[in-house]
Novice: 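Okay, handing you the structure first.
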Amino acid sequence: MSTPYPFTAVVGQADLRLALLLNAVSPAVGGVLVRGEKGTAKSTAVRALSALLPQVDVVPGCRFSCAPGAPDPACPDGPHEPGPGSARPARMVELPVGASEDRLVGALDIERALAEGVKAFEPGLLADAHRGILYVDEVNLLHDHLIDLLLDAAAMGASYVEREGVSVRHAARFLLVGTMNPEEGELRPQLLDRFGLTVEVAASREPAQRVEVVRRRLAYEDDPAGFAGRWAGDEQEVRARVVAARALLPQVVLGDTALLQIAAACAGFEVDGMRADIVMARTATALAAWAGRTSVRKEDVRQAALLALPHRRRRNPFDAPGLDEDKLDEILDRFPDEEPDDEPDPGPGGPEDGGPEDDGPDGGGGGVPPQSGPEAPGAPRSPEAPGAQDDPAPSAPDAPEAPERQPASQDGAAPEQAAVRAAEPFRTKVLSVPGLGEGASGRRSRARTAHGRTTGSQRPRGQLTKLHLAATVQAAAPHQRARGRAGRGLVIRKDDLRQATREGREGNLVLFVVDASGSMAARQRMSAVKGAVLSLLLDAYQRRDKVGLITFRGAAAELALPPTSSVDAAAARLEQLPTGGRTPLAAGLLKAHEVLRIERLRDPSRRPLLVVVTDGRATSAGSAGSASAAGSAGGRAAGSPRELAGRSARLLQAQGVASVVVDCESGPVRLGLAGVLAADLGGPAVTLDGLRADSLAGLVKNVRTAGTSPSHHTARRAA
């Protein structure tokens, strides 16, 4: 086993280290979610934490790590006889992103359970992590049902496996740590709330600190054992402080003033529910114990708020987590502390005090400035400055509807205009892909999934996970006499077992192709268009989709955002989208064809849904490459921009791409060109107003029911 990087050798990241140590002192805090860009020592710090945890005494031979002095009475390996235990280091168990439910909670041997009537249970990762650390890297990419199981076990301190009438329960108390890169997608607010603390990490912009990071990392890679040995004294010092804080924790008093401060902070920032209050109380108590005190002070409550509240303030996935510290201080000042006790705080000793990190054996100071001040041990700085969420100054009045009144550019099209703000989002209709898919679990289109309603049975492919009991009995029944059945039991063999097939919902790849040309440049129209796309992005977030964004204007189309799970990244690109120029509709469609072709190779099971947002006009053939591709797709030489767009659309239809056109045309005179485009794509057209879920039109349940909506008939008459 390789030597882990020492925890005390991590440079900077005071918030991260403090949050991890507080959970080591009091696992009841509820774990840590670490959010940040790649390459910021998230995984390194988490893996190093396990070396600081005290050893645990376990019952010899118990697969569930029962404590000898207080074994779990429901332990599947029990009952345990009284006796001495054996000491071992606390484990750090990693949960892979692609893990199955059986790997997480454990699996029953269904064949032995049915044939022999025994509970042959194979423990999962939750059992392995009991009394240790469970680490989930890229937790935002984990399937939602696995996150639910994980957080339920963390909250209850036990794991329950209920399957086909066989029930197993075992203790599962662990320190839960998750890391994620927000660029790859967000967690649901309900899941964010289940993590006790959240910290934001970012790479330092100080050259001296970056130099020290590189110096220590290179020294570690050259000689891991020697590097760890040079930090052994600091590691032992922090380990002893964790043990002392754990022993002191039951003596810490959380007074009425501190409770009022906690309640006022949670109410002042309008967090939902009561979990935030409880987490803050536990965190403030752990902070006092870590500081060697038996009473909670205002600075403990303040620090607890900065760690426990930012992620609970989010109201939608596009809100950045953060906390207005001036407002927090104003709230806490309403309830001043009583006369402080005479207990002195311990001197420097933990890594957040700047001791071992700044003057460690390998760094020798290293030019890393020491941290100082009462808030130095990790007061996280909000990514938003105070007032950053306030609306900017109102924009100028909307421009006239006709963009041609503005000065023309050299190519004769309307000039580029600055980006406008999106209108308020709304709840959209249900758009889904037809047929039955087999993609990643989600909430949009019908699919065969591991969870959902049972629709039939089949022979298992590999390990049996979901038994179809009736089908299994039916398969075994005709062979009972030949198998010498005696008595009331049923003789079951492996080839009798049947796997339940289930139908649920999958997440799709929703690829937006947005017209940003001069014909869309009227401010009122583009604001409404952005509001509609933002609404669809919110819907995609709720339905667990991947999203991508293509824009087209001038002479070409641009992939503004490659397919990703981060809908807030798509919203940011949309907000900055300028308009102007001609309308290369064919280029936008061909770019979509190319993106979908590549994504089909990367993730063949995820079905796409193409959403084209345009008024249907085509005034430019686009680049020479686009025109050539469209001409080749049509089997003849390139023609007018309208013909090129039609051929590109029919190419997508021939590939089986499910599409919907959001018709942005407005005004008393309408050409119905979006309806023509929808017919070529083989999908429906829906107006901006008709996209609303509360409109009078019926729900769009299948995006390929072409030729049935009034917009199609209008479009064909206009053509």
Novice: Check this for me, if you would: do Glu237 and Arg241 make a salt bridge, where the nitrogen-to-carboxylate-oxygen distance has to be below 4.0 angstrom?
Specialist: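 Looking at Glu237 and Arg241, the cut-off is not met.
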Novice: Any heavy-atom pair between the side chains of Val10 and Leu16 that's under 4.5 Å?
Specialist: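 Contact flag for Leu16/Val10 side chains = no.
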Novice: Using a 3.5 Å distance criterion without hydrogens, assess whether the side chain of Asn508 forms a donor-acceptor pair with backbone atoms of Val510.
Specialist: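 Not at all, since once roles are kept as given, no pair shorter than 3.5 Å links the two residues.
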Novice: Do side-chain atoms of Gln209 reach the backbone of Val11 as a donor and acceptor pair under 3.5 angstrom?
Specialist: no
Novice: If you round to the nearest 0.5 Å, how far is CG of Asp300 from CE of Met280?
Specialist: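 One gets 10.5 Å once the value is rounded to the nearest 0.5 Å.
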Novice: Would you say Leu328 and Phe269 make side-chain contact, with heavy atoms under 4.5 Å?
Specialist: yes
Novice: Any side-chain heavy atom of Leu33 sitting closer than 4.5 Å to one from Met180?
Specialist: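 Leu33 vs Met180: side chains touch.
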Novice: If I take atom CG from residue Leu20 and atom CG from residue Leu52, how far apart are they, to the nearest 0.5 angstrom?
Specialist: 9.5 Å
Novice: Taking Ala51's backbone N and O only, do any of them form a donor-acceptor pair with Arg239's side chain (distance below 3.5 Å, no angle check)?
Specialist: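 Confirmed, Arg239 side chain pairs with Ala51 backbone.
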Novice: Does Lys42 use its side chain to pair, donor to acceptor, with the backbone of Asn181 at less than 3.5 Å?
Specialist: no
Novice: Could you tell me the separation between the CD1 atom of Ile133 and the CZ atom of Arg91, rounded to the nearest 0.5 Å?
Specialist: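 Ile133 CD1 to Arg91 CZ: 13.0 Å, rounded to 0.5 Å.
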Novice: Does a side-chain heavy-atom distance below 4.5 Å link Asp234 with Val238?
Specialist: no
Novice: Within the 4.5 Å heavy-atom criterion, are Leu549 and Val547 side-chain neighbours or not?
Specialist: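 Leu549 vs Val547: side chains apart.
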Novice: Would Glu506 and Ser445 count as a side-chain hydrogen bond (donor to acceptor under 3.5 Å, both in side chains) if you check the C-alpha gap in whole Å, the side-chain angles of each, and the deciding distance to 0.1 Å?
Specialist: CA-CA 5 Å; Glu506 67 176 358; Ser445 305; 4.5 Å; no
Novice: Inspect the contact between Glu325 and Arg302 and indicate whether a charged nitrogen and a carboxylate oxygen are less than 4.0 angstrom apart.
Specialist: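 Salt bridge flag = yes for Glu325 with Arg302.
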Novice: Does this structure show an ion pair linking Arg194 with Asp152, if we count only N-O contacts that are shorter than 4.0 Å?
Specialist: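 Salt bridge between Arg194 and Asp152, a charged N being under 4.0 Å from a carboxylate O: yes.
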Novice: Taking atom types as modelled, is there a side-chain donor on Thr8 or Glu235 under 3.5 Å from an acceptor on the other?
Specialist: yes
Novice: Give, for atom CZ of Arg246 and atom CG of Leu249, the distance between the pair rounded to the nearest 0.5 Å.
Specialist: 10.0 Å
Novice: Before accepting this row, confirm whether a basic side-chain N of the pair Asp545/Arg606 lies closer than 4.0 Å to the acidic partner's carboxylate O.
Specialist: no
Novice: Apply side-chain contact (heavy atoms from CB on, under 4.5 Å) to Leu561 and Phe512, showing your working.
Specialist: CA-CA 10 Å; Leu561 181 72; Phe512 294 93; over 6 Å; no
Novice: I need the full list of salt bridge (charged side-chain N to carboxylate O under 4.0 Å, His left out) pairs touching residues 126-135, with sequence neighbours left out, sorted by first then second residue.
Specialist: none
Novice: Are Val32 and Leu22 close enough that some pair of their side-chain heavy atoms sits under 4.5 Å apart?
Specialist: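 A side-chain contact is absent here, since even the closest heavy-atom pair is not under 4.5 Å.
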Novice: So, for Ala202 and Thr40, which heavy atoms are closest and what is the spacing to 0.1 Å?
Specialist: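 What the structure gives for the nearest pair is C-CG2, 3.8 Å.
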Novice: Any side-chain heavy atom of Ser159 within less than 4.5 Å of one from Val105?
Specialist: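 They are in side-chain contact.
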Novice: Closest approach of Ala276 and Val271, non-hydrogen atoms and distance?
Specialist: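 Smallest interatomic distance, heavy atoms only, reads CB-CG2, 3.8 Å.
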Novice: Output yes when a side-chain donor or acceptor of Asp77 lies under 3.5 Å from a complementary backbone atom of Arg63, and no otherwise.
Specialist: yes
Novice: How many angstroms lie between CG in Leu126 and OH in Tyr160, if you round to the nearest 0.5 Å?
Specialist: 13.0 Å
Novice: Can you check side-chain contact (heavy atoms from CB on, under 4.5 Å) on Glu101 and Leu146, steps first, answer last?
Specialist: CA-CA 6 Å; Glu101 180 181 340; Leu146 292 182; 4.0 Å; yes
Novice: Can you list every salt bridge (charged side-chain N to carboxylate O under 4.0 Å, His left out) pair that touches residues 274-289, not counting sequence neighbours?
Specialist: Asp193-Arg275
Novice: Does the side chain of Asp15 come within less than 4.5 Å of Val201's, by heavy atoms?
Specialist: no
Novice: Considering non-hydrogen atoms only, spot the tightest contact between Val139 and Ile147 and give its length.
Specialist: O-CD1, 3.5 Å
Novice: Do Arg602 and Glu599 sit within salt-bridge range, that is, some charged N less than 4.0 Å from a carboxylate O?
Specialist: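 Between Glu599 and Arg602 there is a salt bridge, with a charged N closer than 4.0 Å to a carboxylate O.
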Novice: Which pair of heavy atoms, one from Leu142 and one from Pro96, lies closest together, and at what distance?
Specialist: CD1-O, 3.7 Å
Novice: Quick one: closest heavy-atom pair of Gly268 and Lys327, and the distance?
Specialist: O-NZ, 3.0 Å
Novice: Does Arg217 have any side-chain contact (heavy atoms from CB on, under 4.5 Å) partners at least two apart in sequence or in another chain, and if so, which?
Specialist: Tyr5, Thr44, Tyr220, Glu221
Novice: Given Thr198, which of Arg35, His311, Arg312 fulfils the side chain to side chain donor-acceptor pair (under 3.5 Å) condition?
Specialist: His311
Novice: Hey, could you give me the CG/CG distance between Leu150 and Leu176, rounded to the nearest 0.5 Å?
Specialist: 5.0 Å
Novice: Might you work through the side-chain contact (heavy atoms from CB on, under 4.5 Å) test for Arg88 and Val58, ending with a clear yes or no?
Specialist: CA-CA 8 Å; Arg88 64 162 175 79; Val58 298; 3.8 Å; yes
Novice: Over all heavy atoms of both residues, which pair between Val301 and Gln261 is shortest? Give the atoms and the distance, please.
Specialist: CG2-OE1, 3.5 Å
Novice: Could you walk me through whether Asp539 and Arg444 pass the salt bridge (Lys or Arg N to Asp or Glu O under 4.0 Å) test, one step at a time?
Specialist: CA-CA 9 Å; Asp539 182 69; Arg444 184 172 296 279; 2.9 Å; yes
Novice: Determine yes or no for a side-chain-to-main-chain donor-acceptor pair under 3.5 angstrom, with Arg205 supplying the side chain and Ala203 the backbone.
Specialist: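 Yes, because the side chain of Arg205 sits within donor-acceptor range (under 3.5 Å) of the backbone of Ala203.
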Novice: side-chain contact (heavy atoms from CB on, under 4.5 Å), that's the test. Do Phe64 and His130 meet it? Break it down for me.
Specialist: CA-CA 7 Å; Phe64 301 88; His130 180 47; 5.5 Å; no
Novice: Just by distance, do the side chain of Asp72 and the backbone of Cys66 share a donor-acceptor pair under 3.5 Å?
Specialist: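 Not at all, since once roles are kept as given, no pair shorter than 3.5 Å links the two residues.
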